[in-house]
Amino acid sequence: MTDLRRIALSTGVELDVQLAGDRAAPPVILLHGFPESHRTWRRIVPDLARDHFVVAPDQRGYARSSKPEGVEAYAAGKIVADLLALADALGIDRFTLVGHDWGGAVAWMAALGHPHRVARLVIVNAPHPFVFQRTIFDDPDQRKASQYIRRFRDTSIDKGLTGNGLEAFLGSTFAHHVTRAIAGPDKAAYLDEWSQPGAMTAMLNWYRASGIVVPAPDEDPPRPAFLDAPFPPVTQPTLVVWGMRDTALLPSQLDLAPYVPDLTIEKVDAGHFVPWEKPDAVIAAMRRWGVDGAK
């Protein structure tokens, strides 16, 4: 069984959420990133739903889910609160959490902050918060690759992201990170989601609300103090699936062992958008690892 339903959360937002599988089965929550929706997982949900209860929301700001006004509405803590409120609304206590891109960033934070709720963690091309900030300062290539964040934080770009501007965004900024063509129903679905009132600003506000410091390539700003302090480990068994042709998040993001003691890394020949470029590889990696702890 698969359906998309509107769920009102205690955090004050309403999310469109895809539900699939038997509610009595082990729960798995899938979090998409920028600039997508629950459709990120469209080729993965059917397999997981054979033996899991699968929950895939359109996160706040995306598609037809609520789009609260103001940058502060997209702070990480509020998005993690949405995740926990969604689990509560569905009667889910502990769950496996899977995240790609920004959804993976939320997943890292939820796992670190709420280990009593997140039992197992799957990350797909999403940077660990400590490693990402460190490499932006210490790895010149990663700093250069991260300059798009500075562009996305510029609010003057929003007014151009309508009509033909969305076509241009799809063909340049987005498609640049994809290793296959975006056409037909996929293209139509993206343009439909992005053209919802307020969607592009809301989606970009995730970047604007983030505390990640992204200096210009030739800048020498103060180093964030937390980079030279101990960082808490992720306590959950963690699978990281990584598309090695990702041009935005470089292989330096895989220097995770000091921060993730129970770590499995699976490398995939794909770009950043692995879940729909190579869904079979993602499914195979998750099945080998054991999504709910069972091999």
Side-chain angles (χ1 to χ4, degrees), residues 26-33 40-41 44 48 52 76-77 79-80 83-84 87 94-139 141-143 145-146 210-213 224-246 248-268 270 272-275 278 281-295:
V28 179
I29 301 179
L30 308 174
L31 300 180
H32 69 84
T40 296
W41 311 104
I44 291 172
L48 287 181
H52 293 84
I79 298 164
V80 171
L83 165 67
L84 299 178
R94 285 173 60 78
F95 50 89
T96 295
L97 183 58
V98 183
H100 171 251
D101 184 77
W102 258 114
V106 173
W108 281 120
M109 290 182 282
L112 284 161
H114 303 275
H116 60 294
R117 301 298 298 274
V118 180
R120 295 172 73 78
L121 184 64
V122 180
I123 298 292
V124 187
N125 283 69
H128 181 284
F130 181 89
V131 175
F132 192 39
Q133 186 66 91
R134 178 174 57 77
T135 54
I136 286 174
F137 270 76
D138 298 345
D139 178 352
D141 291 335
Q142 183 59 65
R143 185 186 296 197
S146 299
S210 167
I212 291 289
V213 179
F226 81 90
L227 291 182
D228 298 308
F231 197 86
V234 172
T235 57
Q236 295 86 347
T238 301
L239 169 66
V240 173
V241 181
W242 204 266
M244 297 302 292
R245 286 195 272 166
D246 192 334
L249 298 169
L250 306 184
S252 58
Q253 300 310 310
L254 295 177
D255 180 21
L256 292 166
Y259 316 104
V260 189
D262 190 347
L263 175 66
T264 301
I265 296 176
E266 293 260 5
K267 298 177 181 179
V268 179
H272 178 73
F273 292 92
V274 193
K278 292 287 182 72
V282 176
I283 292 166
M286 292 172 68
R287 291 294 184 182
R288 277 193 297 271
W289 177 71
V291 184
D292 51 16
K295 297 291 184 181

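Just so you know, these numbers use all the heavy atoms, side chains as well, and skip hydrogens, waters and symmetry mates. Everything numeric in this text was worked out from a predicted model, so none of it was measured.
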Which pair of non-hydrogen atoms, one from [X] and one from [Y], has the smallest distance, and what is that distance?
X	Y	answer
A285	V241	CB-CG2, 4.0 Å
R120	G290	NH2-O, 2.9 Å
A257	L263	N-CD2, 4.0 Å
L121	A111	CD2-CB, 3.8 Å
P232	L112	O-CD2, 3.6 Å
M244	P251	CE-CG, 4.1 Å

- Message: When you measure from the centre of the six-membered ring of F137, is the NZ or CZ of R143 closer than 6.0 Å and no more than 45° off the axis?
- Response: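 Positive - R143 is close enough to the ring of F137 and near enough to its axis.
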- Message: P115: which residues meet the side chain to side chain contact (heavy atoms under 4.5 Å, CB included) condition with it, sequence neighbours left out?
- Response: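 For P115, the residues satisfying side chain to side chain contact (heavy atoms under 4.5 Å, CB included) (neighbours in sequence not counted) are T235, Q236.
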- Counterpart residues, side chain to side chain contact (heavy atoms under 4.5 Å, CB included), relative to A248 (two or more places apart):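 A248: side chain to side chain contact (heavy atoms under 4.5 Å, CB included) contacts with Y148, H177, D246.
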If you round to the nearest 0.5 Å, how far is [atom2] of [Y] from [atom1] of [X]?
X	Y	atom1	atom2	answer
S146	I212	OG	CD1	9.0 Å
K278	I44	NZ	CD1	13.0 Å
I29	R117	CD1	CZ	8.0 Å
N125	W242	CG	CH2	5.0 Å
I265	W289	CD1	CH2	13.0 Å
I136	D141	CD1	CG	13.0 Å

- Can you list the steps and then say if V291 with L48 is a side-chain contact (heavy atoms from CB on, under 4.5 Å)? CA-CA 9 Å; V291 184; L48 287 181; 4.1 Å; yes
- Evaluate the side-chain contact (heavy atoms from CB on, under 4.5 Å) criterion for residues V131 and L256: first the C-alpha distance (whole Å), next the side-chain angles of each, then the deciding distance (0.1 Å), finally the verdict. CA-CA 7 Å; V131 175; L256 292 166; 4.0 Å; yes
- Query: Does any non-hydrogen side-chain atom of M286 lie less than 4.5 Å from one of E266?
  - Reply: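 No, every pair of side-chain atoms sits at 4.5 Å or beyond.
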- Item | Side-chain touch L254/V240, heavy atoms, less than 4.5 angstrom |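 Result yes, sub-4.5 Å side-chain heavy-atom pair found.
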Which atom pairs, donor and acceptor, lie under 3.5 Å between side-chain atoms of residues 100-109 and protein residues at least two apart or in another chain?
{"unit_1": "H100", "atom_1": "NE2", "unit_2": "H272", "atom_2": "O", "d": "2.8"}
{"unit_1": "D101", "atom_1": "OD1", "unit_2": "H272", "atom_2": "NE2", "d": "2.7"}
{"unit_1": "D101", "atom_1": "OD2", "unit_2": "F34", "atom_2": "N", "d": "2.7"}
{"unit_1": "W108", "atom_1": "NE1", "unit_2": "A126", "atom_2": "O", "d": "3.1"}
{"unit_1": "W108", "atom_1": "NE1", "unit_2": "P127", "atom_2": "O", "d": "3.4"}

- Task: Please state whether the rings of H128 and F130 are parallel, tilted or perpendicular, taking 30° and 60° as the class boundaries.
- Result: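 Perpendicular: the ring planes of H128 and F130 meet at over 60°.
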- Query: When the ring planes of F231 and Y259 are compared, do they come out parallel, tilted or perpendicular, using 30° and 60° as the limits?
  - Reply: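 Ring orientation, 0 to 90° scale: perpendicular.
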- Task: Just jot down the ring-ring contact (aromatic ring centres under 6.0 Å, His included) partners of F132, sequence neighbours excluded, or say none.
- Result: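 F132 satisfies ring-ring contact (aromatic ring centres under 6.0 Å, His included) with no residue once adjacent residues are dropped.
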- After noting the C-alpha distance and the side-chain angles of L83 and L31, does the key distance pass the side-chain contact (heavy atoms from CB on, under 4.5 Å) rule? CA-CA 9 Å; L83 165 67; L31 300 180; 4.3 Å; yes
- Item | Under the side-chain hydrogen bond (donor to acceptor under 3.5 Å, both in side chains) test, residues paired with D138 that sit two or more places apart |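 side-chain hydrogen bond (donor to acceptor under 3.5 Å, both in side chains) list for D138, sorted by chain: R223.
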- Counterpart residues, side-chain hydrogen bond (donor to acceptor under 3.5 Å, both in side chains), relative to T96 (two or more places apart):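 Applying side-chain hydrogen bond (donor to acceptor under 3.5 Å, both in side chains) to T96 gives none.
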- Message: Run Q133 and V213 through side-chain contact (heavy atoms from CB on, under 4.5 Å) and show every step you take.
- Response: CA-CA 7 Å; Q133 186 66 91; V213 179; 3.7 Å; yes
- If a pair satisfies side-chain hydrogen bond (donor to acceptor under 3.5 Å, both in side chains) and one of its residues is in residues 249-258, list it, with sequence neighbours excluded.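 Checked against side-chain hydrogen bond (donor to acceptor under 3.5 Å, both in side chains) - neighbours excluded - the pairs reaching residues 249-258 are R134-D255, T135-Q253, D139-S252, Q142-Q253.
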- Indicate yes or no for a side-chain donor-acceptor contact from H114 to the backbone of A110 under 3.5 Å, with no hydrogens or angles considered.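 Side chain of H114 to backbone of A110: no pair is present.
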